[in-house]
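Take a look at the structure set out below.
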Amino acid sequence: MAWVWDLPRETEFDADFDYKASAPMDFTEYLSDKPIDASLLPVFRSRSKLSRFKKLHCPPFSASIAIDSTWKTIIEQFVPPSRVQFLPIRLIARGEICDDYMWVIPFDRVTCIDKDKSVVTRKHETPNRTLIFGVHSIVHFPDCLGNLHLARDNQKLSHMVVSNGLKEALSSTGQDSPFYRPEDVETLDSLLRIRRKSHLS
């Protein structure tokens with residue numbers, strides 16, 4: 001099956017993208033399907049202690065996926081180097097600077113989200129492609145990854161998926177909090193709907 005690789009469940013702390021320090025980046029580069037300028041250095045800042053991040057191989061970094069060298073080594077066993085980029089990022093946590101993390105940028109694109117069985121709230125359709133901007137619940141096509149182990153959905157680029165094999169290899173390091181079954185993903189639309197119900201009750 002294809003697992004969704006999303007932000008880890010450790011939500012009590014995170015790091016925010018620093019637009020000024022990261023200029024000329026605009027924060028969407030991690031969605032690229034081709035190598036990006038390796039001289040660019042995304043910078044993130046956090047009010048939490050660095051030690052909290054160092055306990056995780058994949059700590060929470062705004063809306064993007066950040067990993068350490070342990071997970072990089074594992075991914076390299078599954079994904080050809082021509083199909084993924086590991087871009088170093090900088091974390092400044094309470095003044096402590098850490099350069100141990102990197103963005104994982106897969107170049108492959110697949111159609112995993114079944115737009116007819118999922119509850120899609122906002123989309124743009126053309127004869128050649130559907131772009132999904134909002135979704136309440138997600139259903140995947142069976143075996144949508146094929147022989148791939150890491151990819152993004154070409155309808156919704158923020159939706160990154162991993163094979164069961166790669167997920168199990170990464171989880172064996174002691175952290176499985178970033179991986180979700182499609183039906184368990186907390187989407188922005190589902191969270192907003194819960195908040196509206198809570199407000200009305």
Side-chain angles (χ1 to χ4, degrees), residues 1-10 15 17 22 25-42 44 53-91 98-114 129 131-132 135 138-185:
M1 68 170 289
W3 291 79
V4 180
W5 186 349
D6 208 332
L7 296 180
R9 292 177 176 87
E10 292 83 2
F17 187 72
S22 304
M25 302 187 76
D26 65 6
F27 189 60
T28 60
E29 284 85 351
Y30 70 94
L31 298 173
S32 177
D33 62 354
K34 55 184 178 295
I36 63 175
D37 186 350
S39 68
L40 296 173
L41 181 64
F44 291 79
F53 290 87
K54 298 293 286 181
K55 292 178 182 178
L56 299 173
H57 299 292
C58 179
F61 277 74
S62 294
S64 57
I65 303 299
I67 62 169
D68 66 3
S69 59
T70 298
W71 276 26
K72 174 180 181 288
T73 299
I74 293 173
I75 292 171
E76 289 174 329
Q77 298 170 16
F78 287 81
V79 183
S82 62
R83 305 311 305 154
V84 65
Q85 181 179 10
F86 301 98
L87 185 74
I89 62 179
R90 172 163 292 171
L91 168 63
C98 175
D99 292 329
D100 296 341
Y101 294 102
M102 63 205 78
W103 272 344
V104 53
I105 306 173
F107 302 141
D108 287 304
R109 300 289 182 263
V110 294
T111 301
C112 264
I113 297 177
D114 185 334
R129 187 180 182 188
L131 295 177
I132 296 174
V135 60
I138 297 169
V139 176
H140 279 175
F141 287 109
D143 303 317
C144 59
L145 268 174
N147 294 323
L148 299 175
H149 291 282
L150 178 66
R152 288 190 179 278
D153 189 279
N154 60 25
Q155 304 168 109
K156 186 173 178 59
L157 292 181
S158 61
H159 193 76
M160 193 157 79
V161 288
V162 296
S163 68
N164 192 66
L166 178 53
K167 181 264 183 188
E168 291 299 322
L170 295 171
S171 297
S172 70
T173 63
Q175 184 187 4
D176 66 357
S177 61
F179 305 114
Y180 303 78
R181 293 181 180 277
E183 62 270 22
D184 295 332
V185 174

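Not measured: the values here are computed from a predicted model. The first residue in the sequence is number 1, and the count goes up from there.
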Sequence neighbours excluded, the answer for disulfide bond (SG atoms under 2.5 Å apart) partners of Cys58 is none

Please identify each residue that fulfils disulfide bond (SG atoms under 2.5 Å apart) with Cys98, with sequence neighbours left out.
-> none

Partners meeting side-chain contact (heavy atoms from CB on, under 4.5 Å) with [X] (sequence neighbours left out):
X: Ser163; value: Leu145, His149, Leu166
X: Pro88; value: none
X: Pro106; value: Leu150, Arg152, Met160
X: Phe141; value: Thr111, Asp114, Cys144

Within the distance-only criterion (no hydrogens, no angle test), does the side chain of Thr173 pair as donor or acceptor with the backbone N or O of Leu170 below 3.5 angstrom?
-> yes

Is the side chain of Tyr101 donor-acceptor paired with the backbone N or O of Phe53 at a distance under 3.5 Å, no angle test?
-> yes

Pair His57-Ile74, side chain to side chain contact (heavy atoms under 4.5 Å, CB included): steps then yes or no = CA-CA 11 Å; His57 299 292; Ile74 293 173; over 6 Å; no

Do Phe44 and Ser62 come within less than 4.5 Å of each other through their side chains, counting heavy atoms only?
-> yes

For [range], pull every pair meeting salt bridge (Lys or Arg N to Asp or Glu O under 4.0 Å), keeping only residues two or more places apart or in separate chains.
range: residues 141-151; answer: none
range: residues 56-79; answer: Lys72-Glu76
range: residues 153-172; answer: none

Interatomic distance, Ile67 atom CD1 to Asp100 atom CG [nearest 0.5 angstrom] | 12.5 Å

Under the salt bridge (Lys or Arg N to Asp or Glu O under 4.0 Å) rule, collect the residues that match up with Arg83, sequence neighbours excluded.
-> Asp108

Residues forming a salt bridge (Lys or Arg N to Asp or Glu O under 4.0 Å) with Asp184, sequence neighbours excluded | none

Centroid separation Trp3 to Phe179 less than 6.0 Å | no

Would you please say whether a donor-acceptor pair under 3.5 Å links the side chains of Gln175 and Ser177?
-> yes

Kindly write out the residues that satisfy ring-ring contact (aromatic ring centres under 6.0 Å, His included) with Phe86, not counting sequence neighbours, or none if the list is empty.
-> none

